[in-house]
Amino acid sequence: MQRFPAVFDLVPDQIEQAIRLAGRAPSLHNCQPWRFRVLPRVIEMHADPGRRLPVADPDDHELRLACGAALMNLRLALAHAGVRPIVSLLPPAATPTVLAEVRSAGHQRPEAEQIALYEAISDRRTQRQPFRPTAVPESKQHELVEAARVEGGFLHLVQPRERDAVEVLVRGAHRARMADPRFCAELATWAERTDVEAPAVPEPRSRSPQHDFAERATPPPAAPDAQPLLVVLGTCENSPEAELRAGQAMQRVWLTATARGLVAIALPEVVGLPETRAELRDLLGGAVHPQALLRIGYGTPSPAAPRRSADELLIDELPASNHS
């Protein structure tokens, strides 16, 4: 077992806990593409090149989204420990795999909402069970929108008049992915590697098949006003930095949902395929770049997915070729 360094006036056990919780973020195929290096005055977040998905995610969009979500967890864990974190995204002088640097701006007492989100980290799951035909109250919808706004994101709640068109995109993107033998092979490899069951190709019985690692029963049809939410997380810009910010916004939305008794699943196929992502952007008016599509509602929480240990996430030394 590695000995975690002390930093920010925190003891090694506190740093280990922060890294462990950072690693509980969602990621495509549960690939967990992040690692961390703890230095005397900074914690670096690195992309893990060995956990890229060259078929499903050739431009690393989902990788950066996932690492942004892990960064959100890290920020909350540090704040809970009394540190006021400040973040630099894609620092120019850093080594190529560094996506963010986190430093301390002093001490703070965590706010009530930070505590609630921190406590939701361990409870958050990717929903693998059917959603209940229950509407999400408007008060909670507003809280989700505000959670995205705090992180510089824009959360569009798909309206009834838009829902059919978005569901068509979801089904079409899912079929396109599952018809690609390279995608299916990569998915099967990661399902085995992370000890999560790969899905059978879903029958077109349900209104909107969801990307998942388990075969699910089809939920009963719901009235239009009693369905889970479909939400699009977007940004004004489209860049690697915007994707990292979107990942933080997505995770704050997801943790807010968890803290309010809701469950969620990401539907990455639509934003993962250039053609459907462009269609989704046009459908929403063209002003916002879609970064993530989620379904949020009520349901029985799913079991936790396997996670890498905090030890495995810790970088002791970078390869010599990576030093600047």
Side-chain angles (χ1 to χ4, degrees), residues 2 4-5 15-16 18-39 42-75 87-102 126 177 180 182-196 198 211 213 238-248 250-251 266 268-269 271-274 291-292 305-324:
Q2 298 192 57
F4 281 74
I15 297 300
E16 181 179 5
I19 299 300
R20 179 183 297 108
L21 290 176
R24 295 200 61 84
S27 58
L28 184 59
H29 298 355
N30 194 31
C31 65
Q32 304 170 56
W34 45 67
R35 295 190 76 193
F36 301 88
R37 187 164 71 136
V38 182
L39 300 172
V42 63
I43 298 177
E44 296 176 343
M45 183 183 70
H46 290 249
D48 188 340
R51 288 180 170 252
R52 290 188 66 249
L53 301 171
V55 177
D57 186 32
D59 61 359
D60 290 338
H61 169 269
E62 290 293 330
L63 180 148
R64 285 185 286 271
L65 202 69
C67 287
L71 181 59
M72 182 77 247
N73 283 3
L74 179 63
R75 289 169 49 200
V87 176
S88 300
L89 298 177
L90 301 174
T95 54
T97 59
V98 174
L99 298 180
E101 293 177 342
V102 182
T126 291
R177 284 298 204 192
D180 183 346
R182 298 178 309 138
F183 175 87
C184 291
E186 186 177 74
L187 172 60
T189 297
W190 278 98
E192 180 178 358
R193 184 172 177 179
T194 60
D195 193 29
V196 180
H211 180 82
F213 287 105
N238 192 32
S239 66
E241 182 173 338
E243 291 166 349
L244 288 168
R245 294 190 184 281
Q248 293 173 83
M250 180 190 72
Q251 184 69 347
E269 295 96 339
V271 293
L273 294 173
Q291 303 289 356
R307 295 289 166 174
R308 295 204 277 176
S309 68
D311 284 348
E312 189 178 352
L313 298 180
L314 188 65
I315 297 174
D316 280 336
E317 286 292 335
L318 295 175
S321 59
N322 280 352
H323 287 289
S324 56

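Note that the numbering runs from 1 along the sequence shown for the chain. What you see is a predicted model; the values in this text were computed from it and never measured.
Side-chain contact between E62 and L65: present, with at least one pair of heavy atoms (C-beta onward) separated by less than 4.5 Å. With a 4.5 Å cut-off on side-chain heavy atoms, R20 and S309 do not count as touching. Side-chain contact between V87 and R75 is present, with at least one heavy-atom pair separated by less than 4.5 Å. In this structure, the side chains of L71 and L244 stay at 4.5 Å or more apart for every pair of heavy atoms. Proximity of I43 to L74: side-chain heavy atoms (C-beta onward) are separated by under 4.5 Å at one or more points.
Checking each of L313, T95, L99 against H46 for a side-chain contact (heavy atoms from CB on, under 4.5 Å) leaves exactly one that passes, namely T95.
Here the shortest heavy-atom pairing between P268 and L28 reads CG-CD1, 3.6 Å. Looking at every heavy atom in both residues, D311 comes nearest to F4 through OD1-CE1, 3.1 Å. The two residues Q251 and P26 have their closest heavy-atom pair at OE1-CD, 3.3 Å. Scanning all heavy atoms of the two residues, the minimum distance from A310 to I19 falls at O-CG2, 4.1 Å. In terms of heavy-atom proximity, A70 sits nearest to A25 at N-CB, 3.4 Å. The nearest pair of heavy atoms linking P5 to I15 is O-CG1, 3.5 Å.
Listed for the R51 side chain is no donor-acceptor partner under 3.5 Å among the backbone atoms of L63. Formation of a donor-acceptor pair under 3.5 Å by the E186 side chain with backbone atoms of A56 is found in this model. A donor-acceptor pair under 3.5 Å links the side-chain atoms of N30 to the main chain of P306, judged by distance alone. The backbone N or O of G23 sits less than 3.5 Å from a side-chain atom of R307, completing a donor-acceptor pair. Formation of a donor-acceptor pair under 3.5 Å by the S239 side chain with backbone atoms of A242 is found in this model. The closest donor-acceptor contact from the side chain of R64 to the backbone of E241 lies at 3.5 Å or more, if one exists at all. Using modelled atom types, one side-chain atom of R35 and one backbone atom of L314 make a donor-acceptor pair closer than 3.5 Å. Here the side chain of D48 pairs no donor or acceptor atom with the backbone of W34 at under 3.5 angstrom.
The distance from atom OG1 of T97 to atom CD of E44, rounded to the nearest 0.5 Å, is 8.0 Å. Put simply, CG on D59 and CG on D57 are 6.0 Å apart, with the number rounded to the nearest 0.5 Å.
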- Message: Applying side chain to side chain contact (heavy atoms under 4.5 Å, CB included) to V98 and M45, what does each step give before you reach the verdict?
- Response: CA-CA 6 Å; V98 174; M45 183 183 70; over 6 Å; no
- Show your working on side chain to side chain contact (heavy atoms under 4.5 Å, CB included) between W190 and L53 and close with a plain yes or no. CA-CA 9 Å; W190 278 98; L53 301 171; 3.1 Å; yes
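No side-chain donor-acceptor contact under 3.5 Å links R245 and Q291.
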